[in-house]
Novice: 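After the structure tokens below, expect a handful of questions from me.
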Amino acid sequence: MPAEYEILNLAKTPLPLGVVDKVDADLDTRLNNRFLDLRKEEIFTIFRVRNVVLRKARAFLQDAGFEEVNTPKIVAAGAEGGSTLFTLDYFGKPAYLAQSSQLYKQTLMASGFDRVFEIAPAFRAEESDTVRHIAEFTSLDVEMSFANSSEDVMNVLDAMICQILASLDAEMGDEIREMNPDFKAPEGNLRKITFAEAKEMLAGAGKNLEGDLDTEAEKVLGQIIKEKFDEDIYFITDFPSELKLGTFYARRVDDNPELTGYFDMDYRGQEIVSGGMREHRYDILIKQMEEAGLDPGAFDFYLKTFQYGMPPHGGFGLGIERLVQMILNLSNIRECVLFPRDMHRLEP
RNA sequence: GCCCCGGUAGUGUAGUGGCCUAUCAUGGAGCCCUGUCGAGGCUCCGACGUGGAUUCAAAUUCCGCCCGGGGCGCCA
């Protein structure tokens, strides 16, 4: 209890949003009045958790010899074709908002930055109107040279996630469990299942897959793993190359080009990371770009770097909001963004 | 972008053609009560997204638009 208090400012009434009301407000109403919404302790806690996640991720990566970098967010070409790019007028020239740091962090691999990471916004003009998509999200990108296999990349990610969650549990475990009673930090050595195994597990549950994992399949797989192993976080590895054609920079398995070394990390059926070994051989990269229907000419700056000594390398991209959403079991990803941007929301 | 659902006081809701000058809760204003800490009682305040249409009569039916919710495709 305060010994004394002084009124510095009187609030106008009525409030656009109750801060201590017994009635909950809709998320939309709350976001429209976010400055008041954030005064609620349980809402503020979400951002304290987010802060710890970012702090621990940085600490882990710095300790593991990764250097933090910043790459441009105004770019001339995207990593995955044009459909998800926001366009803008750059001094009279067409330009885009970066949908990922992919091309630049790979470029750095040819520059002697053997291990880099970046935590920065990524922009997607996807018409994805769901509780797990936003148009501007925070991407944690990691890239490392001289990785020999996807395993090397997964090991870094595995250790990072486990350290983040263990630290979170130690610092804020009780508060987190008030929001998500089932929160539990994994022991380490996260489970890896191949895409083919996932397909079998799903078939066993009566869900037969035609092509890639769809949303329902991902959720069911999350439930299966939870029931069978009581685990929340796992890798899905060895994606078929035909499912990753758009990801032209993915390296395929040398003795089995039907497969990529690409992996996803899923958290209770929600994809939070995607990564793998990158194709570092110029000729093959060009070929894969053409297969993806892209014009190599538009990627000159990127392709050039592969012609003067590019080490084999790999990395991953992690969606910070997706991770926080799953840690706290938030029903909507917008809950863990201060001022979210989506198809319909541009302010506040 | 596609499918389904919805838009009623500051906030969350009830209300499917006349009984609605619209319910309840929360909130605000005020009075009362009370050794308290999101206590209780009473009074008051405050709303039918928007534009058309049907009808003697529309919050309630129909159409357009805007906005929101859920799901899907796709992905971080």
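Just so it is clear: chains get the letters A, B, ... in the order the sequence lines come, proteins before strands, and each one is counted from 1. Fair warning: this is a prediction, and the values are worked out from it, not measured in the lab. FYI, side chains are in, hydrogens and waters are out, and symmetry mates aren't considered; it's all heavy atoms of this structure.
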Novice: Between the side chains of A:R50 and A:E321, is the shortest nitrogen-to-carboxylate-oxygen separation below 4.0 Å, so that they form an ion pair?
Specialist: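 Salt bridge present between A:E321 and A:R50.
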Novice: Measuring from the side chain of A:P16 (C-beta onward, heavy atoms only), which nucleotide among B:G10, B:G71, B:G68 has the closest atom?
Specialist: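 Of the candidates, B:G10 comes closest.
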Novice: B:G71, B:G1, B:C75: which one has an atom nearest the side-chain heavy atoms of A:V131?
Specialist: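 Of B:G71, B:G1, B:C75, B:G71 is nearest to the side chain of A:V131.
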Novice: Provide the distance between the two C1' atoms, one in B:G1 and one in B:U61, to the nearest whole Å.
Specialist: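 Here B:G1 and B:U61 have their C1' atoms 30 Å from each other.
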Novice: Mind checking A:D26 for me? I need base, sugar-phosphate or nothing, with any heavy atom below 4.0 Å counting as a touch.
Specialist: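 Answer is sugar-phosphate: A:D26 comes under 4.0 Å of backbone atoms only.
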Novice: Within this structure, what is the CG-to-P distance between A:D214 and B:C2, rounded to whole angstrom?
Specialist: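 Spelled out: CG on A:D214 to P on B:C2 is 21 Å.
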Novice: Are any of A:K244's side-chain N or O atoms less than 4.0 Å away from OP1 or OP2 of B:C74?
Specialist: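 Looking at the OP1 and OP2 atoms of B:C74, neither is under 4.0 Å from any side-chain N or O of A:K244.
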Novice: Given the C1' atoms of B:G17 and B:C62, what is the spacing between them in whole Å?
Specialist: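 Approximately 13 Å lies between the C1' atom of B:G17 and that of B:C62.
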Novice: Separation of A:L27 atom CG from B:U11 atom P, in whole Å?
Specialist: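 For the pair A:L27 CG and B:U11 P, the rounded distance is 15 Å.
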Novice: Provide the distance between the two P atoms, one in B:C66 and one in B:U55, to the nearest whole Å.
Specialist: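 Taking atom P in both B:C66 and B:U55, they lie 28 Å apart.
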Novice: Hunt down the Watson-Crick or G-U wobble partner of B:G30, both distances under 3.5 Å, from any strand shown, or write none.
Specialist: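 Partner of B:G30: B:C42.
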Novice: Would A:K244 count as a cation-pi partner of A:Y262, with NZ or CZ less than 6.0 Å from the six-membered ring centre and within 45° of the ring normal?
Specialist: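 Judged by the rule (NZ or CZ under 6.0 Å from the ring centre, within 45° of its axis), A:K244 is not positioned above A:Y262.
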Novice: In whole Å, what is the span from the CD atom of A:E218 to the P atom of B:C72?
Specialist: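 To the nearest whole Å, that distance equals 10 Å.
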Novice: Classify the nucleic acid contact of A:L318 as base, sugar-phosphate or nothing, counting any heavy atom under 4.0 Å across all strands shown.
Specialist: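 Nothing: the residue A:L318, judged by heavy atoms under 4.0 Å, touches no strand.
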Novice: Looking at A:D182 and A:D232, what are the two nearest heavy atoms and their distance?
Specialist: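 Where A:D182 meets A:D232 most closely, the heavy atoms are O-OD2, 4.4 Å.
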Novice: Using Watson-Crick or G-U wobble geometry with both distances under 3.5 Å, which nucleotide pairs with B:U13?
Specialist: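 Partner of B:U13: none.
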Novice: Should A:N329 and A:F183 count as side-chain neighbours, where that means a heavy-atom distance under 4.5 Å?
Specialist: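 They are not in side-chain contact.
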Novice: Taking the side chain as everything from C-beta on, heavy atoms only, tell me whether A:E118 gets closer than 4.5 Å to A:N70.
Specialist: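 The answer is yes; the side chains approach within 4.5 Å.
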Novice: Take A:L213 and A:R334, find for each the nucleotide of RNA chain B with the closest heavy atom, and name the residue whose nucleotide sits nearer the 5' end.
Specialist: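 Taking each residue's closest nucleotide, the earlier one in sequence belongs to A:R334.
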Novice: According to a strict under-4.0 Å criterion, is A:R132 in side-chain N/O contact with OP1 or OP2 of B:C72?
Specialist: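 Yes.
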Novice: Could one point to a donor on the side chain of A:R345 or the base of B:C67 with an acceptor on the other under 3.5 Å away?
Specialist: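 Between B:C67 and A:R345, which were checked side chain against base, a qualifying N/O pair under 3.5 Å is absent.
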Novice: Please give, in whole Å, the distance from B:A76 P to A:F117 CZ?
Specialist: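 Roughly 20 Å, once rounded to whole Å.
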Novice: Classify A:I134 by what it touches in the nucleic acid, base, sugar-phosphate, or nothing, heavy-atom distance under 4.0 Å.
Specialist: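 Answer is base: heavy atoms of A:I134 come under 4.0 Å of a base.
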Novice: What is the minimum heavy-atom distance between A:E335 and A:L330, and which atoms define it?
Specialist: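 Looking at all heavy atoms of both residues, the closest pair is CB-CD1, 3.8 Å.
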Novice: In whole Å, I'd like the distance from the NZ atom of A:K40 to the C1' atom of B:U26.
Specialist: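 After rounding, the gap between these two atoms is 13 Å.
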Novice: What nucleotide, of B:A76, B:G70, B:C75, holds the atom closest to the side chain of A:I333?
Specialist: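 Selected nucleotide: B:A76.
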Novice: What interatomic distance, in whole Å, is found between P of B:G41 and the corresponding atom of B:U34?
Specialist: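 Pairwise P distance, B:U34 against B:G41, rounds to 15 Å.
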Novice: Could you give the distance separating B:G6 and B:U50 at their C1' atoms, to the nearest angstrom?
Specialist: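 Looking at atom C1' only, B:U50 and B:G6 are 16 Å apart.
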Novice: Are A:F299 and A:F248 close enough that their ring centres sit under 6.0 Å apart?
Specialist: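 Yes.
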Novice: May I have the distance from A:E216 (atom CD) to B:C74 (atom P), rounded to whole angstrom?
Specialist: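 Checked: the CD to P distance equals 13 Å.
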Novice: Name the nucleic acid region contacted by A:S128, choosing base, sugar-phosphate or nothing; use a 4.0 angstrom heavy-atom cut-off, strictly under.
Specialist: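 Base contact.
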Novice: Select base, sugar-phosphate, or nothing to describe what A:T215 touches, counting heavy atoms under 4.0 Å on all strands.
Specialist: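 The residue A:T215 makes base contact.
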Novice: Please state whether the phosphate of B:G73, meaning OP1 or OP2, lies under 4.0 angstrom from any side-chain nitrogen or oxygen of A:T130.
Specialist: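 Indeed not, no polar side-chain atom of A:T130 lies that close.
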Novice: If you pin A:L15 and A:S139 to their nearest nucleotides in RNA chain B, which one's is more 5'?
Specialist: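 It is A:L15, whose closest nucleotide lies nearer the 5' terminus.
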Novice: Suppose you measure atom P in B:G49 against the same atom in B:G10; what distance do you get, rounded to whole Å?
Specialist: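 One P to the other, the span is 12 Å.
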Novice: Look through every strand shown and name the nucleotide pairing with B:G51 as Watson-Crick or G-U wobble, where both distances are under 3.5 Å.
Specialist: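 Partner of B:G51: B:C63.
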Novice: Starting the side chain at C-beta, find the nucleotide from B:G1, B:C75, B:G12 nearest to A:H133.
Specialist: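 Side chain of A:H133 sits closest to B:C75.
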Novice: In this structure, how many angstroms lie between the P atom of B:A76 and the CD atom of A:Q99, rounded?
Specialist: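 Nearest whole value for this atom pair: 9 Å.
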Novice: Send over the distance from A:L243 CG to B:G73 C1', rounded to a whole Å.
Specialist: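 Computing the A:L243:CG to B:G73:C1' distance gives 15 Å.
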Novice: Given B:U11, B:A76, B:G71, identify the nucleotide with an atom nearest to the side chain of A:R124.
Specialist: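 Given the options B:U11, B:A76, B:G71, the side chain of A:R124 is closest to B:A76.
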Novice: Write down the distance separating the P atoms in B:G71 and B:A9, rounded off to the nearest Å.
Specialist: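 25 Å, rounded to whole Å.
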Novice: Determine which nucleotide pairs with B:A22, using a 3.5 Å limit on both distances of a Watson-Crick or G-U wobble pair.
Specialist: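 With both distances under 3.5 Å required, B:A22 matches none.
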Novice: List the atom of A:Y90, the atom of A:A95, and the distance in Å for their closest heavy-atom pair.
Specialist: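 Answer, listing the atom of A:Y90 first, then A:A95: CB-CB, 3.5 Å.
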Novice: Give me the distance, rounded to whole Å, that separates B:C72 from B:G51 when you measure between the C1' atoms they each carry.
Specialist: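 Rounded to whole Å, the distance is 32 Å.
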